[in-house]
Every structure is written in structure tokens, then in C-alpha cells.
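Please read the structure below before turning to the comments.
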Amino acid sequence: MFVVVEGIEGSGKSTLVAGLAEWLRSEGHDPLVTYEPGGTPAGSAIREVFLNRWIAIAPLTESFLVNAARVQHVVDEIRPALEAGRVVICDRFTDSTLAYQGYGRGLDLSSLRAICEIATGGLEPDLVLIVDLPVETARARMRARANDADRIEAEPDAFHERVRQGFLKLADSPRHRVLDGAQPPPQVLAAARAIVREKM
């Protein structure tokens with residue numbers, strides 16, 4: 001089973017991914033827990049460039065960078081884990097490309113879908129959990145972090161609002177579920193666990 005967790009920066013994705021992984025281990029599973037862009041040595045190197053706020057990157061370059069990392073991620077990590085019968089939990093996947101570079105940056109969605117299709121070899125998640133949170137709340141969470149904002153986090157609120165609305169527009173298939181990220185993390189995790197259990 002391939003589960004993806006999506007959402008804007010500061011929405012609580014990482015907390016949910018960690019909680020789901022811990023729960024699955026307690027249920028006797030050995031999940032692969034991974035993230036994008038990254039998940040492999042090549043992907044991590046690309047991630048450093050992608051998030052570097054001192055490097056100017058065109059929107060189309062962004063889409064090719066994340067999809068280059070995605071190719072390696074699918075080939076080296078995700079497909080082998082699925083073929084071995086493991087549950088895969090991934091922090092971001094193709095919906096992030098559509099939300100950030102499509103709705104956020106204004107690139108053509110059909111072109112982005114074609115690029116993602118090539119990068120994934122047609123692999124799609126079984127379940128996409130979108131953690132929805134108002135931008136102002138997410139921004140407050142980001143400010144509370146000790147680290148400096150990366151290139152994406154540093155974008156203005158209007159950009160993050162476009163991305164948020166993009167995610168909500170993408171949540172129109174049976175495999176998408178929207179979670180209320182404003183709820184306490186234990187409640188978000190409980191809702192996510194119920195959905196995953198239903199799908200398994």
C-alpha cells in the first residue's frame with residue numbers, strides 16, 4: 001500500500017507521517033517512511049539546490065528538479081518496497097508538483113501531469129491524505145521553528161494560499177481524503193489511522 005501525505009508548509013505533515021509509521025509498526029508492519037524531494041542520495045543533493053533560498057530557479061526548472069529526484073526515488077526506494085509487500089508512507093509526491101508548480105507558480109497542469117507520469121512510470125498512490133490548514137496558522141508554526149526559512153517557506157502568503165487551494169482542488173478522486181490540520185495532532189492521527197485501516 002502506497003500512502004502519501006500532502007499539505008502546505010507547516011501543516012503538520014511530518015508529524016502525521018511519524019505518527020502513522022509508529023502506529024503501523026505497532027500493528028506489525030515494516031513501513032518505508034520517505035519524503036520528496038529526496039529519499040535517495042541523488043534526491044537529497046537535488047533537494048539542497050531546490051530549497052536553497054539564495055539560488056534563483058525558474059518554475060519549470062523547479063518541476064524538472066523535483067521530478068528528476070522522483071525518478072530515482074521511485075526506482076530505488078518506492079517500487080522495490082511495494083514489490084516486497086511493504087507499506088510506503090511518503091511525505092509529498094506528484095500532487096505537490098501540481099499544487100506548487102501548477103497552482104502556485106502558474107505552470108500548465110496538463111504538462112506537469114505528463115512530466116510526473118514519465119517520472120513515476122505511471123505509479124500512483126493508493127491513498128493521498130491532504131492535511132489542510134489556513135495559511136496564517138501554518139505561517140505562525142513556521143515562525144516558531146528554530147531554523148531559517150527555506151526558498152519555498154520564504155514565499156509570500158499569497159503563494160501559499162494558491163498552493164493550499166490547489167491541494168483542495170486536487171482532492172477530487174476516491175483516493176484523496178482531506179484532514180483538518182487545525183485539530184490537535186492526536187485527533188489528526190486518529191482520523192488518518194481510521195482512513196488507512198479502511199483502505200488496507
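Because only heavy atoms are used, hydrogens play no part in the values below, and waters and symmetry mates are left out as well, while side chains stay in.
The shortest distance between side-chain heavy atoms of P37 and R70 does not fall below 4.5 Å. Residues N67 and C116 are in side-chain contact: their nearest non-hydrogen atoms beyond the backbone lie under 4.5 Å apart. Between R86 and P31 there is no side-chain heavy-atom pair separated by less than 4.5 Å. Between P134 and R164 there is a side-chain heavy-atom pair separated by less than 4.5 Å. Residues R175 and L127 have side chains not in contact (no heavy-atom distance under 4.5 Å, counting atoms from C-beta outward). Put simply, the side chain of T61 does not reach to within 4.5 Å of the side chain of F50, judged on heavy atoms. Proximity of L20 to L129: side-chain heavy atoms (C-beta onward) are separated by under 4.5 Å at one or more points. A 4.5 Å side-chain heavy-atom check between M200 and V87 finds at least one atom pair inside the cut-off.
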Verdict with reasoning, V5 to Y35, per side chain to side chain contact (heavy atoms under 4.5 Å, CB included): CA-CA 9 Å; V5 179; Y35 62 93; over 6 Å; no

Audit row: R25, D30, salt bridge (Lys or Arg N to Asp or Glu O under 4.0 Å) steps and yes/no: CA-CA 6 Å; R25 291 187 191 103; D30 176 29; 5.6 Å; no

Pair W23-V196, side chain to side chain contact (heavy atoms under 4.5 Å, CB included): steps then yes or no: CA-CA 11 Å; W23 167 66; V196 172; 3.8 Å; yes

Side chain to side chain contact (heavy atoms under 4.5 Å, CB included) between V17 and V33, intermediate numbers included: CA-CA 8 Å; V17 166; V33 182; 3.5 Å; yes

Stepwise side-chain hydrogen bond (donor to acceptor under 3.5 Å, both in side chains) check, E6 with S96: CA-CA 7 Å; E6 297 278 17; S96 275; 2.5 Å; yes

Evaluation steps, side-chain hydrogen bond (donor to acceptor under 3.5 Å, both in side chains), between R92 and Y100: CA-CA 11 Å; R92 299 201 182 286; Y100 280 83; 3.0 Å; yes

Full working for side chain to side chain contact (heavy atoms under 4.5 Å, CB included) between V128 and I130: CA-CA 6 Å; V128 181; I130 297 175; 4.1 Å; yes

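Residues E36 and H73 bring a donor and an acceptor atom of their side chains to less than 3.5 Å of each other. For the residue pair R113 and T97, no side-chain donor N or O sits within less than 3.5 Å of a side-chain acceptor on the partner.
Using a 4.5 Å cut-off between side-chain heavy atoms of Ile, Leu, Val, Met, Phe, Trp and Tyr, with links allowed through other members, I115 and I118 fall into different hydrophobic clusters. Linking Ile, Leu, Val, Met, Phe, Trp and Tyr whenever their side-chain heavy atoms come within less than 4.5 Å leaves L123 and I89 in two separate clusters. Note on V66 and V71: separate hydrophobic clusters, where clusters join Ile, Leu, Val, Met, Phe, Trp and Tyr whose side-chain heavy atoms are under 4.5 Å apart, directly or indirectly. Cluster membership for L170 and L179, using ILVMFWY side-chain heavy atoms within less than 4.5 angstrom, is not shared. Y103 is connected to F64 through a chain of hydrophobic side-chain contacts under 4.5 Å among Ile, Leu, Val, Met, Phe, Trp and Tyr, so both are in one cluster.
The shortest heavy-atom contact between I78 and V88 is O-CG2, 4.1 Å. Looking at every heavy atom in both residues, G39 comes nearest to S44 through N-OG, 4.4 Å. Of all heavy-atom pairs between A192 and L16, the closest is CB-CD1, 3.7 Å. Between I152 and L51 the shortest heavy-atom distance is CG1-CD2, 3.9 Å. Contact between S11 and V131 at its shortest, heavy atoms only, is O-CG1, 3.2 Å. Closest approach of F167 and I8 over heavy atoms only: CE1-N, 4.0 Å.
Put simply, CD on Q101 and CG on L109 are 11.0 Å apart, with the number rounded to the nearest 0.5 Å. Here T15 contributes atom OG1 and D91 contributes atom CG; the two are 10.0 Å apart, rounded to the nearest 0.5 Å. Taking CD from E155 and CD from E9, the interatomic distance works out to 10.0 Å, rounded to the nearest 0.5 Å. Within the model, atoms CG of L32 and CG of L24 stand 11.5 Å from one another, a figure rounded to the nearest 0.5 Å. Taken from CD in E153 to CZ in R139, the straight-line distance is 8.0 Å, to the nearest 0.5 Å. Atom OG of S173 is separated from atom CG of D95 by 8.0 Å, given to the nearest 0.5 angstrom.
Taking a 6.0 Å sphere around CD of E22, one finds it holds 12 or fewer heavy atoms contributed by other residues, nucleotides or ligands.
Using a cut-off of 4.0 Å between Lys/Arg side-chain N and Asp/Glu carboxylate O, R193 and E198 are scored as not salt-bridged. Between D126 and K199 no salt bridge is recorded (no basic side-chain N to carboxylate O distance below 4.0 Å). Between R151 and E62 there is a salt bridge, with a side-chain nitrogen of the basic residue lying less than 4.0 Å from a carboxylate oxygen of the acidic one. Ion pair R53/D150 not flagged as a salt bridge, since none of the NZ, NE, NH1 or NH2 atoms sits closer than 4.0 Å to an Asp/Glu carboxylate oxygen.
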